[in-house]
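On a predicted model such as this, the values are computed, not experimentally measured, just so you know.
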Amino acid sequence: MSDAPGALTHATVMTGRSLLLSRRNIDAVITSMMLPIMLMLIFVYFFGGAIDTGTAYDSYVMYVVPGVLFLCAGFGSATTAVAVSEDMKGGIIDRFRSLDIGAMPILAGHVVASTVRNLVSTTLVFAVALLIGFRPAATPAGWLAVTAVLLAYIVALSWISAAIGLLARTPEAAGGFTFFMSFLPYPSSAFVPVDSMPGWLHGFADHQPVTPAIESLRGLLLDQPVGNAPWTALAWAAGILTVAVALSGVLFRVRTR
């Protein structure tokens with residue numbers, strides 16, 4: 001218990017350091033913010049007229065925005081892998097350990113900084129969505145639930161990204177993880193209904209962690225019934241977070257022997 005205040009202080013300092021590094025790597029920050037916006041505009045204006053979601057939504061933008069919000073969270077969280085890998089490769093971890101800073105504060109600093117960056121980028125994406133015609137109808141409770149689901153996934157995905165950063169031997173290899181994070185929303189209900197996909201893909205699309213999260217966001221934002229989707233989404237996020245934190249601790253000890 002006596003180490004808790006020190007660990008919290010270290011984590012706060014590491015968070016400030018990670019945010020400062022983000023300011024120095026502004027091109028990566030801009031990319032993580034602009035790519036989801038560009039994808040949203042492409043889907044709405046290039047493909048939206050040809051996509052029939054088979055639903056009662058007035059326009060495709062009403063269907064696709066929740067998926068883009070999740071895509072934004074996933075892509076932004078994945079950059080944590082590169083930041084952690086750069087720390088491991090640059091030798092700064094050895095200096096931190098000589099200052100008696102443990103694994104959790106170092107990694108937590110990256111995760112909290114990732115969460116802050118993601119909240120900024122998600123807000124920006126949402127603002128652009130409003131400009132192109134997205135009209136949410138969420139209740140106050142719905143807005144709280146949307147925030148909870150997004151935050152849960154941002155934190156969980158940031159921690160799994162930190163674990164990948166520890167596992168990867170180079171920042172370039174860690175950067176490849178961003179492709180996987182960006183790909184996962186596609187075989188889900190993010191951009192088209194699962195029923196429109198080939199039958200052999202339904203099992204994966206229906207039972208992967210992204211689909212209940214997107215169904216929750218879509219239903220809550222548009223004030224539609226969501227059933228157990230939010231609880232399923234939060235359960236997935238909790239499971240990912242638990243595994244990621246444990247795996248990060250093991251990998252950190254292995255890499256810093």
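Linking ILVMFWY residues whenever their side-chain heavy atoms come closer than 4.5 Å, directly or via other members, places Met62 and Phe46 in the same cluster. Under the 4.5 Å side-chain contact rule for hydrophobic residues, Tyr45 and Met38 do not share a cluster. In the hydrophobic clustering of this structure, Met34 groups with Phe134; members are Ile, Leu, Val, Met, Phe, Trp, Tyr whose side-chain heavy atoms approach within less than 4.5 Å, directly or through other members. Note on Val128 and Val64: same hydrophobic cluster, where clusters join Ile, Leu, Val, Met, Phe, Trp and Tyr whose side-chain heavy atoms are under 4.5 Å apart, directly or indirectly.
Here CG of Asp87 is found 7.0 Å from OG of Ser18. Values are rounded to the nearest 0.5 Å. For the atom pair OG1 (Thr115) and CG (Leu157), the distance works out to 10.0 Å, reported to the nearest 0.5 Å. To the nearest 0.5 Å, atom OG of residue Ser161 and atom CD1 of residue Ile154 are 11.5 Å apart. Note: Leu217 CG to Leu222 CG = 10.0 Å, rounded to the nearest 0.5 Å. To the nearest 0.5 angstrom, Lys89 atom NZ is 12.5 Å from Arg169 atom CZ.
Within the 4.5 Å cutoff, no side-chain heavy atoms of Cys72 are placed close to those of Ile37. Side-chain contact between Asp206 and Met197 is absent, with no heavy-atom pair separated by less than 4.5 Å. Counting heavy atoms from C-beta on, the side chains of Val68 and Phe191 come closer than 4.5 Å. Side chains of Arg17 and His110 form a contact here, defined as non-hydrogen atoms less than 4.5 Å apart.
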Donor-acceptor contacts, no H, no angles, side chain residues 228-253, under 3.5 Å, sequence neighbours left out:
| from | atom 1 | to | atom 2 | distance (Å) |
| --- | --- | --- | --- | --- |
| Thr232 | OG1 | Asn228 | O | 3.1 |
| Thr242 | OG1 | Ala238 | O | 2.8 |
| Ser248 | OG | Ala244 | O | 2.8 |

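For Thr211, the side chain to side chain contact (heavy atoms under 4.5 Å, CB included) partners are Ser188, Ser189, Gln208, Glu215, not counting sequence neighbours. Scored by the side chain to side chain contact (heavy atoms under 4.5 Å, CB included) test, Leu35 finds Leu39, Phe75 as partners (sequence neighbours excluded). Listed by chain and number, the residues in a side-chain hydrogen bond (donor to acceptor under 3.5 Å, both in side chains) with Asn118 are Ser114 (sequence neighbours excluded).
Sorted by first and then second residue, the salt bridge (Lys or Arg N to Asp or Glu O under 4.0 Å) pairs involving residues 120-141 (not counting sequence neighbours) form an empty list. Applying the ring-ring contact (aromatic ring centres under 6.0 Å, His included) test to pairs two or more places apart or on separate chains, those with a residue in residues 135-159 are Phe70-Tyr153, Phe126-Trp143.
Among all heavy-atom pairs drawn from Ile214 and Ala190, the shortest one is CD1-CB, 3.3 Å. Scanning both residues, Leu150 and Leu69, for their nearest heavy atoms gives CD2-O, 4.3 Å. The shortest heavy-atom contact between Val84 and Ala162 is CG1-O, 3.8 Å. Residues Ala81 and Ala174 share a closest heavy-atom pair of O-CB, 3.6 Å. In terms of heavy atoms, Ile106 sits closest to Met14 at CA-CG, 3.8 Å. Counting all heavy atoms, side chain and backbone alike, Pro171 lies closest to Glu86 at CG-CG, 3.6 Å.
Proximity of a side-chain donor or acceptor of Thr15 to a complementary backbone N or O of Ala113 within less than 3.5 Å is not detected. At distances below 3.5 Å, not a single donor-acceptor pair connects side-chain atoms of Ser77 with backbone N or O atoms of Gly74.
None of Thr122, Val146, Leu119 except one satisfies the side chain to side chain contact (heavy atoms under 4.5 Å, CB included) rule with Leu151; the exception is Leu119.
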Yes or no on side-chain contact (heavy atoms from CB on, under 4.5 Å) for Met104 and Leu107, after CA distance, side-chain angles and deciding distance? CA-CA 5 Å; Met104 287 300 107; Leu107 298 177; 4.2 Å; yes

Using the rule given for side-chain contact (heavy atoms from CB on, under 4.5 Å), can you reason through Leu71 versus Val125, listing the C-alpha separation, both sets of side-chain angles and the distance that settles it, and then say yes or no? CA-CA 10 Å; Leu71 183 70; Val125 169; over 6 Å; no

